[in-house]
Number of protein chains: 2
Amino acid sequence: MKQIQKKNEGTRFKRTPQRLAILEYLEGNTSHPSAEDIFRVVSKRYQSMSFATVYNTLNTLTRAGELRELTIDPERKRYDPDISRHHHLICVLCGKIVDIPEKIGVELPKDMAEHFVLLGHHIEFYGHCSSCRKKNKEK
Amino acid sequence: MKQIQKKNEGTRFKRTPQRLAILEYLEGNTSHPSAEDIFRVVSKRYQSMSFATVYNTLNTLTRAGELRELTIDPERKRYDPDISRHHHLICVLCGKIVDIPEKIGVELPKDMAEHFVLLGHHIEFYGHCSSCRKKNKEK
DNA sequence: GTATAAATTATAATCATTCTAAGCATTATG
DNA sequence: CATAATGCTTAGAATGATTATAATTTATAC
């Protein structure tokens, strides 16, 4: 069992039509879709697509570091094909998740380095997105 | 129906023994427990405790703004009785969630204010906590 | 082309969370 | 006090997201 895993560790990602369809949908997608969002769209074009395949592919890509799994939505996992450093705002009115570029200076407390090994960070902003803001005529 | 709701809107939180047991467990608790964690401990002392009561109480407290629901753990909701502004580190080795004080200067991009109404933010740090760091003899 | 590991599929299983309906406890009312 | 109203608790069923299973199919290397 372990041997099988080891043996195949270096095997490259098989490019099946289902995976290509998922990858194509994700490519450049900034909507932070859930597994269901992806399934709904991709299964329309790709008749026999199974939900399990969506999850399998998402997990494989996430483990390979080519996809980011977001925990910002308490109801379900969301996926972000943009793996560059950036943050997110979740609109508390419509639930939309919006990218926030990382031009934010985060100064970490000096004593943190003594206690923790820091690998990364992610900022969740809560607020009203621009379209909700317009709808409500805020400001 | 609406009238009934309205009538009771101002009703204060009833201090039942079950709720008191949950509150007591949460008081000063910095372990960021899940509903199950809470149920496990509290139901030991309080025989008849139901899982639903734990969830009901947690949701009521959260809605009342007296408890913070954390989404940092992708597997389950975690709860934090400390509602003051602070952030969290999740140890990628042991899964523990640790409080990070808010003495962090976060400078938001200037143009964000033009696009969004910002209500708050929360930083998720990823890293190795101090006990895992010691175990691994890091640094 | 063929073997073989890996991917897909449908379906069942699991796990966290919410819902439901019945009974219980507390408080307000007469 | 009695009684009604309200809200709380409970067990268990229901839901929804995600993962596991097992049989079948497919991609890739030889």
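Side chains included, hydrogens not; waters and symmetry mates left out as well; all remaining heavy atoms used. Throughout, a chain's letter reflects where its sequence line sits, starting with A, and its residues are numbered from 1.
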Identify all pairs in which a protein N or O lies below 3.5 Å from an N or O of nucleotides 10-12 of chain D, and state each distance.
from: D/dT10; atom 1: OP1; to: B/Gln18; atom 2: NE2; distance (Å): 3.2
from: D/dT10; atom 1: OP1; to: B/Ser48; atom 2: O; distance (Å): 3.0
from: D/dT10; atom 1: OP1; to: B/Ser48; atom 2: OG; distance (Å): 2.6
from: D/dT10; atom 1: OP2; to: B/Ser50; atom 2: N; distance (Å): 3.1
from: D/dT10; atom 1: OP2; to: B/Thr53; atom 2: OG1; distance (Å): 2.9
from: D/dT10; atom 1: O5'; to: B/Ser48; atom 2: O; distance (Å): 3.2

Atom [atom1] of [X] and atom [atom2] of [N]: how far apart are they, to the nearest Å?
X	N	atom1	atom2	value
A/Glu69	D/dA17	CD	C1'	12 Å
A/Ile38	D/dT18	CD1	P	10 Å
B/Leu61	D/dC8	CG	C1'	14 Å
B/Phe13	D/dT6	CZ	C1'	16 Å
A/Asp37	D/dT18	CG	P	11 Å
A/Phe39	D/dT18	CZ	P	14 Å
B/Arg63	D/dC8	CZ	C1'	14 Å
A/Ile22	C/dA7	CD1	P	12 Å

Heavy-atom closest pair, residues A/Leu26 and A/Pro33: CD2-CG, 4.2 Å
Taking all heavy atoms of A/Glu124 and all of A/Ile72, pick out the closest pair and write down the distance. OE2-CA, 3.6 Å
Ring centroid separation B/His122 to B/His86 under 6.0 Å: no
Looking at A/His87 versus A/His121, is the centre-to-centre ring distance below 6.0 Å? yes
Whichever of B/Glu75 and A/Thr60 has its nearest DNA chain C nucleotide further upstream toward 5': A/Thr60
Please tell me whether A/Ser131 and A/Lys96 have a donor and an acceptor in their side chains that are separated by less than 3.5 angstrom. yes
Given C/dT18, is OP1 or OP2 found less than 4.0 Å from the side-chain N or O atoms of B/Tyr55? no
OP1, OP2 of C/dT17 versus side-chain N and O of B/Arg76: anything below 4.0 Å? no
Nearest to the side chain of [X], heavy atoms from C-beta on, is which of [options]?
X	options	answer
A/Lys77	D/dT18, C/dT8, D/dT9	D/dT18
A/Arg15	C/dA16, C/dT26, D/dT28	D/dT28
A/Arg19	D/dT28, D/dT18, C/dT8	C/dT8

Scan B/Thr71, B/Asp37, B/Asp73 and name whichever one has a side-chain hydrogen bond (donor to acceptor under 3.5 Å, both in side chains) with B/Arg78. B/Asp73
Within the 4.0 Å heavy-atom criterion, would you say A/Pro17 contacts the bases, only the backbone, or no part of the nucleic acid? sugar-phosphate
A/Phe13 six-ring centre to A/Arg19 NZ/CZ under 6.0 Å and within 45° of normal: yes
